[in-house]
Amino acid sequence: MKRYATKDIPKSRIVDFFKRHWGSQEMVISSGVYDCSKLDGFTIVNDEDNIIGLITYIIKGKECEIISLDSIEEGKGVGTSLVQEVENLAVKENCQLIKVITTNDNLLALKFYQKRGFTLSKILNNAVEKARRIKPEIPLLGNDGIPIRDEIELIKILN
């Protein structure tokens, strides 16, 4: 497995990845509307040169926000490695915290981030309803048939 900055991967591959896994490269969350293919990030590519993990982020002042994280091969440390890469970069950039927003149905993400030192910070009730006004293809039901309604913000304070 090899790690690359997203800027070092052809943009068409990044766009294709997001279309395949998210339906489009557009991410609509309470902190903004993002074209993930234009954001800074990192990828992990397997021996067959397929992207098996991708993370994007933005830095605003002293905050680093993870916008997207995808790991195609779960349980192999891909997601952990990508989050660690962003955390290392955030420390170098003198950020005070990293935050990430996920939806109420994404129990795997909530478990994943908390195991890596993130804590629940905010619940944004009905935030997904507002996001659907911009991106109507956001499904009504998510993982395990849970209605997707709320966003949950998690943060990790950096030393």
Side-chain angles (χ1 to χ4, degrees), residues 1-103 105-121 127-128 131 134-135 137-139 142-143 148 151-159:
M1 294 191 295
K2 296 178 185 172
R3 186 177 306 119
Y4 298 99
T6 51
K7 66 181 180 188
D8 297 329
I9 299 281
K11 185 170 181 166
S12 61
R13 288 188 66 197
I14 303 295
V15 169
D16 288 345
F17 181 89
F18 281 112
K19 283 183 178 177
R20 197 169 339 115
H21 298 282
W22 288 93
S24 80
Q25 64 267 26
E26 184 179 63
M27 179 76 66
V28 180
I29 52 179
S30 55
S31 65
V33 178
Y34 305 96
D35 180 340
C36 290
S37 70
K38 294 180 179 176
L39 298 178
D40 290 326
F42 299 98
T43 62
I44 293 184
V45 177
N46 66 12
D47 294 336
E48 290 80 40
D49 201 38
N50 295 316
I51 296 173
I52 59 170
L54 194 152
I55 192 168
T56 61
Y57 65 90
I58 58 169
I59 294 178
K60 296 180 192 169
K62 297 288 182 184
E63 267 186 22
C64 177
E65 181 176 357
I66 295 171
I67 302 299
S68 69
L69 172 62
D70 289 286
S71 175
I72 306 310
E73 297 183 7
E74 291 185 23
K76 295 186 178 180
V78 172
T80 299
S81 175
L82 290 168
V83 169
Q84 187 62 55
E85 193 73 29
V86 170
E87 189 172 325
N88 293 340
L89 178 106
V91 168
K92 285 181 194 170
E93 295 290 326
N94 296 312
C95 292
Q96 295 174 347
L97 66 86
I98 298 178
K99 77 176 183 177
V100 63
I101 295 172
T102 191
T103 51
D105 71 306
N106 199 342
L107 304 179
L108 288 175
L110 290 167
K111 181 172 81 172
F112 173 86
Y113 285 110
Q114 289 179 83
K115 285 174 70 176
R116 283 147 190 87
F118 286 75
T119 59
L120 300 178
S121 172
V128 181
I134 299 166
K135 189 176 179 181
E137 60 268 25
I138 297 171
N143 298 329
I148 305 172
E151 289 181 348
I152 300 170
E153 178 185 276
L154 297 99
I155 62 169
K156 183 174 184 176
I157 304 297
L158 301 174
N159 297 330

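The figures here come from the full heavy-atom set of this structure, side chains too, leaving out hydrogens, waters and symmetry mates.
- Looking at Glu93, its side chain never comes within 3.5 Å of a backbone N or O of Leu89 through a donor-acceptor pair.
- The 12-atom threshold is not exceeded at NZ of Lys38, counting heavy atoms of other residues, nucleotides or ligands nearer than 6.0 Å.
- Counting all heavy atoms, side chain and backbone alike, Ile67 lies closest to Cys36 at CG2-SG, 4.0 Å.
- The neighbour count for Lys135 NZ, taken as heavy atoms of other residues, nucleotides or ligands under 6.0 Å away, is above 12.
- Note that the CG atom of Leu39 and the CD1 atom of Ile66 stand 12.5 Å from one another [nearest 0.5 Å].
- Taking every heavy atom of both residues into account, Ala109 and Thr102 meet most closely at CB-OG1, 3.8 Å.
- With hydrogens and angles ignored, the 3.5 Å screen pairs a side-chain donor or acceptor of Thr56 with a backbone N or O of Ser68.
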Decide yes or no on salt bridge (charged side-chain N to carboxylate O under 4.0 Å, His left out) for Glu87 and Lys156, but give the supporting numbers first. CA-CA 9 Å; Glu87 189 172 325; Lys156 183 174 184 176; 2.9 Å; yes

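- Rounded to the nearest 0.5 Å, atoms CD1 (Ile155) and CG (Leu97) are 5.5 Å apart.
- Using a 30° and 60° split on the angle between ring planes, Phe118 and Tyr113 fall in the perpendicular class, above 60°.
- Arg13 CZ to Asn50 CG: the interatomic distance, rounded to the nearest 0.5 Å, is 7.0 Å.
- Taking every heavy atom of both residues into account, Ser37 and Asp35 meet most closely at OG-OD1, 2.6 Å.
- Taking 4.5 Å as the limit, some side-chain heavy atom of Ile51 sits within range of a side-chain heavy atom of Ile14.
- Between Val100 and Val83, the closest side-chain pair of non-hydrogen atoms is not below 4.5 Å.
- For the residue pair Cys95 and Ile59, the shortest heavy atom distance occurs at SG-CG2, 3.8 Å.
- Rounding to the nearest 0.5 angstrom, the gap separating the CG atom in Leu158 from the CG atom in Asn94 is 10.5 Å.
- What you find for Arg116 and Phe112 is that their closest heavy atoms are NH1-O, 2.7 Å.
- Of all non-hydrogen atoms in Ile101 and Ser30, the two that sit nearest each other are CD1-OG, 3.6 Å.
- When atom types are taken as modelled, the side chain of Asp105 and the backbone of Asn143 share a donor-acceptor pair closer than 3.5 angstrom.
- The side-chain heavy atoms of Leu110 and Leu154, taken from C-beta on, include a pair separated by under 4.5 Å.
- A salt bridge is defined here as a Lys NZ or Arg NE, NH1 or NH2 lying under 4.0 Å from an Asp or Glu carboxylate O, and Arg3 with Glu85 meets this definition.
- Checked against Ser31 for a side chain to side chain donor-acceptor pair (under 3.5 Å), the options Lys60, Glu63, Glu65, Glu151 give a single hit: Glu65.
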